[in-house]
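Atoms considered below: every heavy atom in the structure, side chains included; atoms not considered: hydrogens, waters and symmetry mates. Proteins come first, then strands; the chains are lettered A, B, ... in the order of their sequence lines, and each starts at number 1.
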2 protein chains.
Amino acid sequence: MAHVATPVPLVPAPADASALRVTDAASLAPVISIRDVKKRCQTCGMRELCLPIALTGDEMKQFDALVAHRTKLKKADTLYRAGESFHALYAIQFGSLKTVVLAEDGREQVIGYHMLGEIIGFDGIDNDRHHAAAIALEDTEVCALPFVSIAQLARIMPALQQNLHHMLSTEHSRAQSVMLMLGSMHAAERLATFLLNLADRYRQRGYSSTEYVLRMTREEIGSYLGLKLETVSRLFARFHQEGLIHVQGRSVKLLDTAALKKITA
Amino acid sequence: MAHVATPVPLVPAPADASALRVTDAASLAPVISIRDVKKRCQTCGMRELCLPIALTGDEMKQFDALVAHRTKLKKADTLYRAGESFHALYAIQFGSLKTVVLAEDGREQVIGYHMLGEIIGFDGIDNDRHHAAAIALEDTEVCALPFVSIAQLARIMPALQQNLHHMLSTEHSRAQSVMLMLGSMHAAERLATFLLNLADRYRQRGYSSTEYVLRMTREEIGSYLGLKLETVSRLFARFHQEGLIHVQGRSVKLLDTAALKKITA
DNA sequence: CGACTAGTTGAGGCCAGTCAATGTTGGTGG
DNA sequence: CCACCAACATTGACTGGCCTCAACTAGTCG
C-alpha cells in the first residue's frame with residue numbers, strides 16, 4: 001500500500017539551535033538544518049526548467065536558501081493528499097508523479113502526469129488545502145519550496161515573480177488543452193495526443209522523443225484520458241498493427257509521428 | 001456575426017497629451033484618458049469578488065488608478081481571440097462570457113463560463129498570447145487591468161499579491177473539477193453538476209440559487225459538458241419529467257436540489 | 001410574413017464500456 | 001535460482017449510452 005513519504009534528511013539533523021522547523025504540518029515536517037542541504041540550485045540539472053530561471057547569481061543564492069528540504073519518494077508514495085494543508089510547491093528533481101482528484105463517491109481520476117523539471121502543488125494556493133493528491137510513479141525526488149518564502153522573495157525579485165506567474169499560467173494552459181481533449185476527442189485521438197505530448201516533453205529534457213518507457217499502467221493512462229483500460233490496451237494494439245508505434249508492455253517507440261499527428265487533428 | 005468589440009470610452013477622449021494609449025494591439029486599443037474613467041473600484045459592486053479585496057483604502061486608490069478602461073461588449077462580441085497578444089486581465093462588471101479553445105481542425109470547445117465578479121484572461125500570461133478566446137454571451141462590461149501594472153503593484157502590496165495568487169490557483173482548481181467531470185461522469189451527472197454549480201455561483205452573488213436564466217445555447221452547454229446538443233435537450237426534458245427541475249427554454253428552476261446532488265455523486 | 005436560429009423529439013447506428021477468460025510480467029521468499 | 005503469486009495486460013463477445021441524421025416546432029428579426 002502507498003504510505004506517506006517521510007522526507008529523508010540527506011544529512012542527520014544536528015540537535016543544536018540551527019535546526020529549523022520548516023513547516024507546521026507536524027506529520028510531514030522534517031527537522032533539518034537548511035545549511036546542511038547538500039545539493040544546491042546552482043548545481044541542479046533542472047534549474048533551466050525550474051523557478052529560478054533567469055535569476056542572477058546572487059538572486060539564485062537567495063532562492064537557493066529557501067529550499068527547505070529534498071524529499072525522496074518510493075513508487076506509490078504520496079507527496080500530498082487531497083484536503084491536506086498546503087505550504088509548499090515541489091520541484092521534481094527526477095522521477096515522475098501523477099496527480100489525482102477524487103469524486104465524492106470515491107471514483108478517482110488522474111488529471112496530471114508530471115516529470116522531472118516540472119513544479120507541482122499549485123492547486124493548494126487558493127484555500128490552503130490541496131484539491132488533488134500527488135503520488136509517485138517511480139522512485140522520485142523533489143525539492144520543497146515553501147510558498148510563503150517564494151511569495152516573499154518574488155516581491156523583491158521581479159524575475160522570480162515573472163517565473164512564478166508563468167508557471168501558474170502554463171498549468172492553466174495545460175489544463176485547457178486537457179479539457180479540449182476530454183471534451184471533444186475520440187479515443188484514438190486522445191491516445192495519439194498523449195503519446196505525442198510525452199514525446200515532446202522528453203525531447204525538451206534531452207531524451208529521445210521517439211522511444212520512451214511509460215510510467216503509468218494502462219488503467220492510469222485510461223483514467224487520464226477518460227477511457228477504460230481495455231480501450232487503451234486495444235488502441236495500443238491497433239496503433240502497433242497499423243505500424244504507427246511499437247509497443248512492448250510499457251516500452252513505446254513512435255514509428256510514424258506524422259500519422260499520429262494526423263490522427264489528433 | 002460576432003465582431004471584435006470596439007471599447008467605448010465612457011467620456012470622449014481628449015486630444016491632449018494626457019491621452020494614453022493603453023495597449024499595443026492596434027485594432028483593440030482605445031485612446032482614453034485614465035483620469036476620465038468615471039466609475040471607480042471604491043464604488044464598484046463587484047469589489048468584494050475582485051482583485052482588490054482586503055486592500056486598505058489607500059491601496060485601493062492605487063489599484064484603482066491602474067484600471068485602464070472599461071469595455072462594453074454586445075452579445076457575441078469578442079473580448080480577445082486565441083493567439084492574440086496578452087496584456088491585461090479583465091474583471092467582469094456585469095454580463096457573462098464563454099471561453100473557447102480551438103482544435104487544429106477547427107472544432108471548438110467551450111471550456112469556461114464566466115459571470116460577473118470573475119476575472120478572466122489568465123491563460124495569456126505564460127507566452128504573452130491568449131490560448132482561448134473570450135466571447136460575450138449577452139451585453140457585458142469588463143474592466144481591463146493591465147497585467148504589468150498589476151504585477152508591479154503586487155510587489156509592493158502583499159495583499160494584492162496574495163489575491164492574484166489565489167485567483168490563479170482558483171482557476172486551476174476549477175479546471176481540475178472540469179477535468180474530473182469530463183473524464184469520469186455520465187451525461188446526466190454532468191448536467192446536474194453544471195446546474196448545481198450555476199446555482200452556487202448565483203447564490204454567492206446574491207441572486208436566487210434555484211431560479212435563473214441560462215445564457216448559453218444547448219449547443220454551447222453541450223460543448224462545455226462534452227455532449228451533443230440533442231443529448232442536453234433530452235436530459236433537460238428528462239429532469240423536467242422526473243420533477244427535478246422546471247425548464248422553459250433558457251429559464252431553469254431547480255425543484256429538487258437534493259436529488260440533483262445525488263445524481264452527481 | 002418569410003427566413004433564420006434555437007430547441008425538441010424520434011429512429012437507428014456505432015464507439016466505447018462491461019463482463020469474462022486468458023496471458024504476461026515482475027517482485028518475493030523458499 | 002526458480003517457483004509462486006499478484007498485479008498488469010490482452011483479447012473476445014456482448015451491451016448500451018450517446019451520437020448521427022432527420023423531421024418538426026417555436027420564437028425572433030428584418
Whole Å only: how far is the [atom1] atom of [X] from the [atom2] atom of [N]?
| X | N | atom1 | atom2 | result |
| --- | --- | --- | --- | --- |
| A:Arg218 | C:dT25 | CZ | P | 12 Å |
| B:Gln241 | C:dT8 | CD | C1' | 12 Å |
| A:Glu219 | D:dA6 | CD | C1' | 15 Å |
| A:Arg190 | C:dA16 | CZ | P | 8 Å |
| B:Leu225 | D:dC19 | CG | P | 11 Å |
| B:His186 | D:dT15 | NE2 | C1' | 13 Å |
| B:Arg238 | C:dG7 | CZ | P | 20 Å |
| B:Leu191 | D:dC18 | CG | C1' | 14 Å |

If you restrict it to nitrogen or oxygen atoms, what contacts under 3.5 Å exist between nucleotides 23-30 of chain D and the protein, and what is each distance?
none

At a heavy-atom distance below 4.0 Å, what parts of residues 227-234 of chain B sit against DNA chain C? B:Glu230, B:Ser233, B:Arg234
Taking five pairs at each end of the helix from C:dC1-D:dG30 to C:dG30-D:dC1, what angle separates the two helix axes (nearest 10°)? 50°
Backbone N/O of A:Ser208 and side chain of A:Glu211: donor-acceptor pair under 3.5 Å: no
Side chain of B:Thr140, backbone of B:Ser96: donor and acceptor closer than 3.5 Å? yes
Please tell me whether A:His114 and A:Thr99 have a donor and an acceptor in their side chains that are separated by less than 3.5 angstrom. yes
Relative to each other, are the rings of [X] and [Y] parallel, tilted or perpendicular (30° and 60° limits)?
| X | Y | value |
| --- | --- | --- |
| A:His172 | B:Phe122 | perpendicular |
| A:His130 | A:Phe86 | perpendicular |
| B:Tyr207 | B:Tyr202 | perpendicular |

If you apply the rule side chain to side chain contact (heavy atoms under 4.5 Å, CB included), what do you find for B:Glu141 with B:Thr71, and how did you get there? CA-CA 6 Å; B:Glu141 205 162 316; B:Thr71 301; over 6 Å; no
Assess whether a salt bridge exists between A:Arg129 and A:Glu84, defined as any Lys/Arg side-chain N lying under 4.0 Å from an Asp/Glu carboxylate O. no
Does the pair B:Glu138/B:Arg215 count as a salt bridge with the N-to-O cut at 4.0 Å? yes
Contact class for B:Arg250 (heavy atom, under 4.0 Å): base, sugar-phosphate, or nothing? sugar-phosphate
Base, sugar-phosphate alone, or nothing: which one does B:Gly226 contact when heavy atoms must sit under 4.0 Å apart? sugar-phosphate
Of A:Asp256, A:Leu254, A:Leu195, A:Leu255, which meets side chain to side chain contact (heavy atoms under 4.5 Å, CB included) against A:Phe239? A:Leu195
Quick check, are the ring centers of A:Tyr113 and A:Tyr224 under 6.0 angstrom apart? no
